[in-house]
Amino acid sequence: MKSMVDLSHEFIRPVLHKQAICVDATLGQGKDTDFFLSQNVHKVYGFEIQRDVFESTKERLGNQRTCFFHVGHEYMQDYIHEEVDAIIFNFGYFPQGDPKITTQSSSSVSAVRQALNLLKVKGRMALVMYPHDTGKEEAICVEEFLKTQTTIQVQKVQNLLVDHCPYLLLIEKRR
């Protein structure tokens, strides 16, 4: 079976084109940015809060089509001033980094709210949720926020047989 990250890429792929604007809201090692760039999109905005991870990813990906920001994703509207076609989030913590540095409920809900405002109509967003100890509350808060939104469609993809495993929220903006 495919991973949740692979499924998120499949969901986003149809809205990517040569002029597409994309956001990797949780940059990490840049695997999602690599995916966007491999689809020959116009521009990718990447956000990462961990300095060492940010620097190594920026150096590795150093690309004129990528705008890197060493700030939390909850500040994306301060840096992005155009509509975007696709946005991806991988919540939780960087697996090779400090597990104490994780995404947080309040900043994640703020980031998703901003992302919805930036997303074009028919644009797509994928949220990979990791309901580990600190991620459970975050996942609940993000889902509760999404349930209040009337301009989107949301599907939840999860493994029925495994508790507390990563799952995916797939979002398309309707209006």
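This chain uses plain numbering: 1 for the first residue, then up along the sequence. Keep in mind that what you see is a predicted model, and the values were worked out from it rather than measured.
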State, with a plain yes or no, whether a side-chain heavy atom of Asn90 is found less than 4.5 Å away from one of Met129. no
Drop me the distance from Ile88's CD1 to Leu168's CG, to the nearest 0.5 angstrom. 8.0 Å
Could you tell me how the ring of Tyr79 sits relative to the ring of Phe69: parallel (under 30°), tilted (30 to 60°) or perpendicular (over 60°)? tilted
Check for me, please, whether Leu16 and Phe89 land in the same ILVMFWY cluster - side-chain distances under 4.5 Å, paths through other members count. no
I'd like to know if the side chain of Arg124 and the backbone of Asp85 have a donor-acceptor N/O pair within less than 3.5 Å. no
Any sub-3.5 Å donor-acceptor pair from Glu48's side-chain atoms to Gly28's backbone N or O? yes
From Met125 CE over to Cys22 SG, what is the distance, rounded to the nearest 0.5 angstrom? 13.0 Å
Would a single hydrophobic cluster contain both Leu169 and Phe11, if residues Ile, Leu, Val, Met, Phe, Trp and Tyr are joined by side-chain heavy-atom contacts under 4.5 Å? no
Pairs flagged by ring pair (Phe, Tyr, Trp, His ring centres under 6.0 Å) wherever residues 16-40 is involved - sequence neighbours left out: His9-Phe35
Evaluate the side-chain contact (heavy atoms from CB on, under 4.5 Å) criterion for residues Phe47 and Val71: first the C-alpha distance (whole Å), next the side-chain angles of each, then the deciding distance (0.1 Å), finally the verdict. CA-CA 6 Å; Phe47 296 87; Val71 297; 3.7 Å; yes
Let me confirm one number: the CG-CE distance from Leu127 to Met4, rounded to the nearest 0.5 Å. 13.0 Å
Side chain to side chain donor-acceptor pair (under 3.5 Å) partners for His42, two or more places apart: none
Check Phe145 against Thr148 and note the closest heavy-atom contact, atom names and distance. O-OG1, 2.6 Å
Least distance between heavy atoms, Ile87 atom then Leu119 atom: CD1-CD1, 4.0 Å
Starting from the C-alpha separation in whole Å, work towards a yes-or-no answer on side-chain contact (heavy atoms from CB on, under 4.5 Å) for Glu10 and Leu7. CA-CA 5 Å; Glu10 282 185 14; Leu7 291 172; 4.2 Å; yes
Enclosure of Lys58 NZ (heavy-atom neighbours >12, cutoff 6.0 Å): no
Please walk me through it: do Glu144 and Lys147 pass salt bridge (Lys or Arg N to Asp or Glu O under 4.0 Å)? CA-CA 5 Å; Glu144 290 304 313; Lys147 288 176 183 178; 3.3 Å; yes
Determine whether Val128 and Leu116 fall in the same hydrophobic cluster, where Ile, Leu, Val, Met, Phe, Trp and Tyr are linked whenever their side-chain heavy atoms lie under 4.5 Å apart. no
Least distance between heavy atoms, His70 atom then Phe54 atom: N-CE1, 3.4 Å
Work out which heavy atom in Ala111 is nearest to a heavy atom in His73; give both atom names and the distance. CB-CD2, 3.2 Å
May I ask you to check whether Thr57 and Gln29 show a side-chain donor-acceptor distance below 3.5 Å? no
Any sub-3.5 Å donor-acceptor pair from Lys122's side-chain atoms to Lys173's backbone N or O? no
Residues, nucleotides or ligands: over 12 heavy atoms within 6.0 Å of Gln77 CD: yes
Reported CG-to-OG1 distance for the pair Asp24 and Thr66, which is rounded to 0.5 angstrom: 9.5 Å
Trace of the side-chain contact (heavy atoms from CB on, under 4.5 Å) decision for Ile152 with Arg175: CA-CA 7 Å; Ile152 59 173; Arg175 52 186 165 96; over 6 Å; no
Does some side-chain heavy atom of Glu138 sit less than 4.5 Å from a side-chain heavy atom of Phe91? yes
Any chance the side chains of Gln114 and Ser110 put a donor and an acceptor closer than 3.5 Å? yes
For the student: nearest non-hydrogen atoms of Leu118 and Ile80, plus distance: CD2-O, 3.7 Å
Are the side chains of Lys31 and Val5 in touch, meaning some heavy atoms are under 4.5 Å apart? no
Distance (rounded to the nearest 0.5 Å) between Arg174 CZ and Gln149 CD: 11.0 Å
Working to the nearest 0.5 Å, report the span between CG of Leu27 and CZ of Phe68. 6.0 Å
Please list all pairs passing the salt bridge (charged side-chain N to carboxylate O under 4.0 Å, His left out) test where one or both residues lie in residues 34-45, with sequence neighbours left out. Asp34-Arg60, Lys43-Glu82
Hydrophobic cluster identity match, Ile171 and Tyr130, side-chain contacts under 4.5 Å: no
If you compare all heavy atoms of Ala126 against all heavy atoms of Ile12, which two are closest, and at what distance to 0.1 Å? CB-CD1, 3.8 Å
Would you indicate whether Tyr167, at its atom OH, is surrounded by more than 12 heavy atoms from other residues, nucleotides or ligands within a distance under 6.0 Å? yes
Applying the 4.5 Å side-chain criterion to the ILVMFWY set and letting contacts propagate, would Val142 and Val154 be lumped into a single cluster? yes
